[in-house]
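Both backbone and side-chain heavy atoms feed into the values below; hydrogens, waters and symmetry mates do not.
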Amino acid sequence: MKNHVQESSDSEILKDRIREYALKSGALVFGVASPEEISKRSPEGHSPKDFLPNVRSVVVIGGGKMLAGAMRCRDPKWVGVIGSQKLRQVKEISFKLAEYIEELGYYAIPYASYSLANGIWDPDISIKLCAELAGLGTRSLAGGIVLNPKYGFLFYSIILTSAPLKPDEPLKESVCPHPSCVRMWERNHTTPCLKACPECLSGEIENGRIKWMKYNRLLCYPKANWSRVGFQKALLDIINESDPEKRKMMVLGSRFTSLVSALAYSIVSAQCYRCTSVCPVGREFRAKR
Amino acid sequence: MYAISPELYRKYRDEVLNLSNSIQGGRKRGLSVEEIAMKLGLDVRDVKEILSIAEKDMPFQEWEKADRFKEKRSD
């Protein structure tokens, strides 16, 4: 019994130290998910233990809150670039945090695979699931994005570790829909995000809760058009063009030049962020003078 | 470089997309590549290729349309 109490107390001290380091390094939110709970909800081959056999905890950090100015920027490319940079920042924090956990004497591995490292949008481990189980947010009508109750849209990253940390509980209340969205739904049968992107998103609210939602990634995907995917598409068109003069216009033209620059400057994505920029959750952080 | 046959791609494209995470919603998650392969009796490698191609397999105009769509955010 005494040993158990000691272990539990040590685990809490350890978790506090890791949390403190994460927040000091720039994370805005921190939580721990249980690898067993993740495994229960994941397909075979996509559990934390498939990547770190002695994993005992999954640390989840969230950050990279979008700049309020970016959400109001009139040039969508700026927003895409800022979003890419924010995602990178959160990844960097997770790498630093993994180093710190190893300094404390435990194995740690940040989820290093960027979404397309496997060539498809099929993550090794669902970061959304980890964030939900760690109590950092719940899925939303906006493409199932995990909304944090305080900040709204954030980027998340995870670290698998052998450190024994007490898992957090998932949130009891759903963050989405926000009360103002429920009122809007009752009046107009839409919400800010559904209205902002009727192509990719659809759903319904009933009794103040999400009744169903659908996110069509196939329609969202081309909106990340300033990216390597756009490059692939353009390259195919260029190769298929039989007229050398026209091919020259295509290769040297502005469209292809912008796509090449996306590769050169590692613009991993240029999503439109329309659904998140109108989301009322975390709005107070986007209101500036 | 490995490439799947266009026939195989055409035959399974829609089915693979529908089973995957490409369209998300409801309480049921999309299937993993391995699960799709098992369900359809295909090779994992082929499912991965089908998914990779299918998610981008639309006219380039769709990518160009995105510029106009994004511009609307500043309305």
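- When heavy atoms are compared at a cutoff of 4.5 Å, A:N216 approaches chain B by way of both its backbone and its side chain.
- Both the backbone and the side chain of B:E62 come within contact range of chain A, with heavy atoms under 4.5 Å apart.
- Distance CG/B:D57 to NZ/A:K233: 5.5 Å, rounded to 0.5 Å.
- A search for side chain to side chain contact (heavy atoms under 4.5 Å, CB included) contacts involving A:L263 returns A:R228, A:F231, not counting sequence neighbours.
- Contacts between B:I53 and chain A at a heavy-atom distance below 4.5 Å are absent for every atom of the residue.
- By the 4.5 Å heavy-atom criterion applied to side chains, B:Q24 and A:R217 are counted as neighbours.
- Listed options A:R41, A:E44, A:H46 were ranked by heavy-atom pairs under 4.5 angstrom with chain B; first place goes to A:H46.
- Heavy-atom contacts from other residues, nucleotides or ligands closer than 6.0 Å to CE of B:M38 number 12 or fewer.
- Note that OG of B:S20 and CG of A:L218 are 7.0 Å apart. Values are rounded to the nearest 0.5 Å.
- From A:L129, atom CG reaches atom CZ of B:R29 across 9.5 Å, with rounding to the nearest 0.5 Å.
- Taking chain A as the reference chain and counting heavy-atom pairs below 4.5 Å, the highest number among B:E55, B:E64, B:E49 is found for B:E55.
- Here the straight-line distance linking atom CZ of B:F60 with atom CG of A:N240 works out to 13.0 Å at 0.5 Å rounding.
- Residue A:L235 does not touch chain B at all, counting heavy-atom pairs closer than 4.5 Å.
- The interface of residues 195-205 of chain A with chain B, defined by heavy-atom distances below 4.5 Å, comprises A:A196, A:C197, A:E199.
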